[in-house]
Peer 1: 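First, the structure itself, so that you have it in front of you.
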Amino acid sequence: MIRRVALISEHASPLCALGTVDSGGQNVYVGQLACNLAASGYQVDVFTRRDSPELSEVLRWCDGVRVIHVPAGPAVFVPKEEMLGLMPEFTAYTIDFCRNTSQSYCILHANFWMSGLVAADIKQQLGIPFVITFHALGRIRRKYQGPNDKFPDERFAIEDRIVAEADRIVAECPQDEEDLIRLYNADPAKITIVPCGFDPSELWPIHKPVARNHLGIKDDERVILQLGRIVPRKGIDNAIRGFGRFVKSHGAEARLLIVGGERSDANAPEEPEITRLKDIAAKEGVAELVNFAGRCDREQLKYYYSAADIFVTTPWYEPFGITPVEAMACGTPVIGSNVGGIKFTVRDNETGYLIPPNDPEALAERIADLYKHPKLMSVLSRQAIRRVNDLFTWKKVADAVAAVYEEVLTAGYPIRHRAEDQFDPVERGFQETIQVLQESSRRLRTSILKVAEALSDCFASGGKVLICASGGAGGEAQRFAADFLGRFKRTDRPGLPVISLNPDFGSFASCSEELGGDELLERQVEAFGQAGDILLGISPLGRSLGLIRAFGMARRLGLRCIAIAGGTGGELNQLSDLCVLVPSSNAQHIQEAQMVIVHLLCELVEERFGFRRRLEDQRPVSRTVVKLPRRHPQPRTGPFRPSKAVS
């Protein structure tokens, strides 16, 4: 029977042009793995986000491989750092596609943490096992990038969940395996090391004069190559500084060729990172010797690699690094950082040199050493070609990954229809609720804390909170208001100004001829809301027209809008400044989780006021205790009109 595999790669499509900010090694990995799996008999579908309106939903890419363009968010480029909010839509579409396909998938292979989240949710819904290749780990990235890491903090909890729930984890190098065990408590028995690779039919050594003639480079030039994505973590600034020290310290004439970037035309408007790198080259006094060639097509790579004397790659963090393997495949010695996957692929003193990251002096010395010993350079070149062909071809990679798939499929994981087979309806109901609550605990910690902070700040600055709800969530809105107005757990804090807006049209019979049912909440917001207040809406799926109109009025009046919803949050999510999204599309489970969230918010806000009270008590004499104002406009029984009396 033909195995059918779903590769999930939310931001890295195999069709994208390489060398841009979000297109690099993962795109190559997914494309090459898909094609080589298909060549060995698998049917492969690659699920990736649709980022252009001109892309068809299903594209037959090569024999045995289809690319499925998933509609999630606008059909335009979205930076991967901003893509997490699109994953519920991505997941829903993929689940629907899996359910309606003629032949089911035997396994999912997720690439990157957001795709891992999608795969974990699909496994939960459909029982399909999944394998994950992370390509980069959030905790490692945050360690090295600090505040420059723009991924949300939720990434860490999501990665923890993926590590726990994945049927197998593919680590790309020993360092990757060590990081997974040390930082994520991964089970070593679930981890298999499978490196990245290169395609011998795409990359091979070309006679240097031929390659240089093709690129217009002089035969007698000393050429050092840096190729890849133009992003700070790749250490291109260190390569420029090291090259500059080499030129100055050794009086050498040479050229540093930098290939990559958003533009294929080097004369096109510059990217900010290239401008920064050019400034560094100018400060090092080598601006005329550093050339930015722009992005090149895959067909041109073998010429650049073969034309160079030395390939330099000095990132301060690299999960694997495909470019050193590609350079060695073309017979070019590599000087690389002794980090991550590079210290696995490059053998020090055998196929090149390993140096510390961010050490331009060490780089300069190693460049000089190679140029002083041209025979050594030839030996390193031959050994590099032998090493990568022995260990790092994409066929070997695909065979190893396929072996991982077969181990998972033959291990007899009892996951399909497990709930239906083992649990009666009562226990199944509890289990489903527990799963939603556990998933909410993993995903919603940060957003719940942000909402609690916003509510506390609103109360502290003299504002009030208007609460409204739709459908069965009305009771939660009233309980929320009662807990704030009264006391939830603490007895040492004042009542807090909260008004529960009434969505019941029958309670306002006197204005029944003037207002439609969907206008009622909107009119109450208009009457009671002021700039600086908060409107908090509770809705299972965020589709209530009454709440949507109320949020629109709140935004016009300058209120801050907060939603507690489920699924994708619907239009309410788009109108909110903060949104807590319960990870479920089942209205009953969403409401159960919303009850817990409401109680957590009450407790968190009370704790903040208790902390402020303790600070006041610890102050010495002449304390001035500022009491929170209580501004409780009384609901009127007549028709709603904008009221100037509300202050």
Peer 1: With sequence neighbours excluded, tell me which residues meet salt bridge (charged side-chain N to carboxylate O under 4.0 Å, His left out) with R233.
Peer 2: E318
Peer 1: Between D149 (side chain only) and Q145 (backbone N and O only), is there a donor and an acceptor less than 3.5 Å apart?
Peer 2: no
Peer 1: What is the ring orientation for H214 with Y303, classed by angle as parallel under 30°, tilted 30 to 60°, or perpendicular over 60°?
Peer 2: parallel
Peer 1: Does a donor on one side chain and an acceptor on the other come within less than 3.5 Å for S584 and N586?
Peer 2: no
Peer 1: Among all residues two or more places apart in sequence or in another chain, which pass the ring pair (Phe, Tyr, Trp, His ring centres under 6.0 Å) test with Y305?
Peer 2: F311
Peer 1: Using the ring pair (Phe, Tyr, Trp, His ring centres under 6.0 Å) criterion, which residues pair with H135? Sequence neighbours excluded.
Peer 2: Y29
Peer 1: What pairs with R4 under salt bridge (charged side-chain N to carboxylate O under 4.0 Å, His left out), at least two apart in sequence or on another chain?
Peer 2: D45
Peer 1: For F97, give me all partners under ring pair (Phe, Tyr, Trp, His ring centres under 6.0 Å), at least two apart in sequence or on another chain.
Peer 2: F47
Peer 1: Quick one: do R142 and D153 satisfy salt bridge (Lys or Arg N to Asp or Glu O under 4.0 Å)? Show the steps, please.
Peer 2: CA-CA 9 Å; R142 183 63 56 88; D153 291 342; 3.0 Å; yes
Peer 1: Can you pull out every side chain to side chain donor-acceptor pair (under 3.5 Å) where at least one residue sits in residues 173-187? Sequence neighbours excluded, please.
Peer 2: E159-Y184, Q175-D179, Q175-K343, D179-R182
Peer 1: Given the rule in the salt bridge (Lys or Arg N to Asp or Glu O under 4.0 Å) test, do R386 and D390 qualify, once you have shown the distances and angles that lead to the verdict?
Peer 2: CA-CA 6 Å; R386 185 183 310 118; D390 287 345; 5.7 Å; no
Peer 1: Who pairs with E82 by salt bridge (charged side-chain N to carboxylate O under 4.0 Å, His left out), at least two apart in sequence or on another chain?
Peer 2: none
Peer 1: Show the atom names and distances, to 0.1 Å, of all donor-acceptor pairs under 3.5 Å that link a side chain in residues 52-63 to residues at least two apart or in another chain.
Peer 2:
{"from": "S52", "atom 1": "OG", "to": "E54", "atom 2": "N", "distance (Å)": "3.3"}
{"from": "S56", "atom 1": "OG", "to": "V58", "atom 2": "O", "distance (Å)": "3.4"}
{"from": "E57", "atom 1": "OE2", "to": "Y93", "atom 2": "OH", "distance (Å)": "2.3"}

Peer 1: Hey, are S115 and E10 close enough side-chain-wise for a donor-acceptor pair under 3.5 Å?
Peer 2: yes
Peer 1: Taking only residues at least two apart or on different chains, which pairs with a member in residues 67-79 satisfy salt bridge (charged side-chain N to carboxylate O under 4.0 Å, His left out)?
Peer 2: none
Peer 1: The criterion is salt bridge (charged side-chain N to carboxylate O under 4.0 Å, His left out); which residues satisfy it with E273, sequence neighbours excluded?
Peer 2: R276
Peer 1: Taking ring pair (Phe, Tyr, Trp, His ring centres under 6.0 Å) as the test, write out the residues that go with H109, two or more places apart.
Peer 2: Y405
Peer 1: Quick one: salt bridge (charged side-chain N to carboxylate O under 4.0 Å, His left out) pairs with a partner in residues 323-342, sequence neighbours left out?
Peer 2: R298-E326
